[in-house]
There are 2 protein chains.
Amino acid sequence: MGGDYAPKANVLGAIAAHELLSPNEHLVLIGDTQQIKPILAEQGFNADHFEYIHTDEVIGMGEHPTRAITQKPNSSISVGFSMLKKGEIDAFIGAGNSGAMMVGAVFSVKTVPGIIRPSLCTLVPKLNGGTGLMLDVGANADCKPDVLVQFGIVGSLYAENVMHINNPKVGLINIGEEDEKGNMLSLATFPLMKECKQFNFIGNIEGRDLFNEKADVIVCDGFTGNIMLKLAESFYVMTIQKGLKDEFFDRFNYENHGGSPVLGVNAPVIIGHGISTPKAVKNMVLQAREMITTGLVEKIQAAFK
Amino acid sequence: MGGDYAPKANVLGAIAAHELLSPNEHLVLIGDTQQIKPILAEQGFNADHFEYIHTDEVIGMGEHPTRAITQKPNSSISVGFSMLKKGEIDAFIGAGNSGAMMVGAVFSVKTVPGIIRPSLCTLVPKLNGGTGLMLDVGANADCKPDVLVQFGIVGSLYAENVMHINNPKVGLINIGEEDEKGNMLSLATFPLMKECKQFNFIGNIEGRDLFNEKADVIVCDGFTGNIMLKLAESFYVMTIQKGLKDEFFDRFNYENHGGSPVLGVNAPVIIGHGISTPKAVKNMVLQAREMITTGLVEKIQAAFK
């Protein structure tokens, strides 16, 4: 039920994803079945392909995350996380209230032991045709150096396993390339990253390096990452508005990537863009499948043992 | 002598600016006259139009700012600031080592009494055809809330006087529009800006608002501002590389704006881009003239009395 175009976009996305799943992979639609079923009928889609859990509450985009999760136990977000916790589903995807999705993840399946703060990632198109990962993009506005180092570890594991990048290059967002450049946070983080043996640290990168090949995993605090992400999105919107057609700019379209994975909780969770379309939902399903089949969460748990 | 194309680009820029200055406005070229004079001759330009101060040292782009300023007293940067301090020139422009320019400004003409930290600004093209001002963009990687409030005051004065924007709207870069969003710094800054009577505070703005009409003056710490600036520049470079022609993207070209004014020191100082072209240098001269004739520094001094 989450997202501006829910439930229709979500149901259409599930239908599109279904075609690409193998027979042993199942989609569970959590939401108002009275709204969901007619959409399936409209599409001439056999409703038996999905499982359904009926919910009759909806958490609005503007609601306070913690309060909403507690006060609406029969919302699709609350029910989804409860099922994820019980192991009734292997991954949970939602395009609703991001804060409630984040809080729900931490409250239900909990943070991986050893991880200080779970993080929210975004996929970044690279000029060379590849894709990078930036984290954190808003879950943690203030970060300490050891939190940033952990972002490097989980980001590297995601890039290696889910994005299939060999020995991913991890860069620290900074205001200069030189080792001694930065604010207090990046200056304190740099030596810790340099010492860390759990990822391939390539040093400081700058705002201009987001789209080039310098780093596959771009680490920053959630304040900086959120601002960079929104600035980059505004560029994409401008190129669209101006009718500037380009294959690279097309890849800015979040629809092609799916959603933002939450890294550092004990199950795969993906938060979709509020304006998620069927295509975005379909790609989130495929992204979640990849997180499940590659055992990403288990690998993150092992890294912090 | 500052900048990748010095002294030629600087001399050509001075020639172009000269055409636009009135008879009582004079340019002083500080640098190696043995290199400067042949360029003038080549252009068939009457050398008597300018004044010259010969220098025979050059501060390189990679040199340590404070050390370079002290060890090279006969560099164009050191001599320029010494002249500015003595009142022999009314404004100083340079496209060389930014750190040395910043340090030189603070060491020579000093910070305006009452100002905690001088700031470095950049001009931002707006989609509606106007121009905005963003500060700080790198002089202050770590800022306290009261420093950001002062950026609002000096930025507003620059926008009003030099950019001729009536009652400029000042926005605080943040990760959400709501009053209670942000990191510790922005959360602490918001109420101070709201209380401040010295500028028109319009609240929080996001990364996506850099180019829209929400705010004329965009306030952030120098870490965030530097990363936003470089990210935006990388987009401009991409549109060029991809041959995407658009009037708006053309306005990203720093050449059209001149350079980055240093606000909060007791004289007009402008730091040019390292790759400043003749056009950029010409526009820096015009920008400096505007800072002089509008009495910007005196107005900033009065605001902090």
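All chains are named by letter (A, B, ...) in the order of the sequence lines, taking the proteins before the strands, and each is independently numbered beginning at 1.
What you find for A/Ser234 and B/Gly207 is that their closest heavy atoms are OG-O, 4.4 Å. The two residues A/Ile173 and B/Phe223 come nearest to each other via the heavy atoms O-CZ, 3.5 Å.
Contact check for A/Leu231 versus B/Arg208: no side-chain heavy atoms found under the 4.5 Å cut-off.
Taking OG1 of A/Thr239 as the start and CG of B/Leu244 as the end, the distance is 8.0 Å to the nearest 0.5 Å.
Contacts with chain B were tallied for A/Glu206, A/Lys245, A/Met184, A/Met228; A/Met184 has the most, counting heavy-atom pairs under 4.5 Å. Of the listed residues (B/Gln241, B/Met238, B/Glu178, B/Glu233), the greatest number of heavy-atom pairs within a distance under 4.5 Å of chain A belongs to B/Met238. Among the candidates B/Asn226, B/Ile175, B/Asp246, B/Leu187, the residue making the largest number of heavy-atom pairs closer than 4.5 Å to chain A is B/Ile175.
Ring-plane geometry between A/Phe252 and B/Phe235 is classed as tilted, the angle between the planes lying from 30 to 60 degrees on a 0 to 90 degree scale.
With A/Ile227 as the fixed residue, the side chain to side chain contact (heavy atoms under 4.5 Å, CB included) test singles out one of B/Ile205, B/Asn174, B/Thr224, B/Ile227: B/Thr224.
The 12-atom threshold is not exceeded at NZ of A/Lys181, counting heavy atoms of other residues, nucleotides or ligands nearer than 6.0 Å.
Looking at B/Leu127, only its side chain comes within 4.5 Å of chain A, counting heavy atoms on both sides. If you measure heavy-atom distances from B/Leu210 to chain A, the contacts under 4.5 Å come from the side chain alone.
Contact residues of residues 137-152 of chain B toward chain A are B/Ala141, B/Asp142 (heavy-atom distance under 4.5 Å).
Although no hydrogens or angles enter the test, the distance criterion places no donor-acceptor pair under 3.5 Å between the side chain of A/Lys242 and the main chain of B/Phe248.
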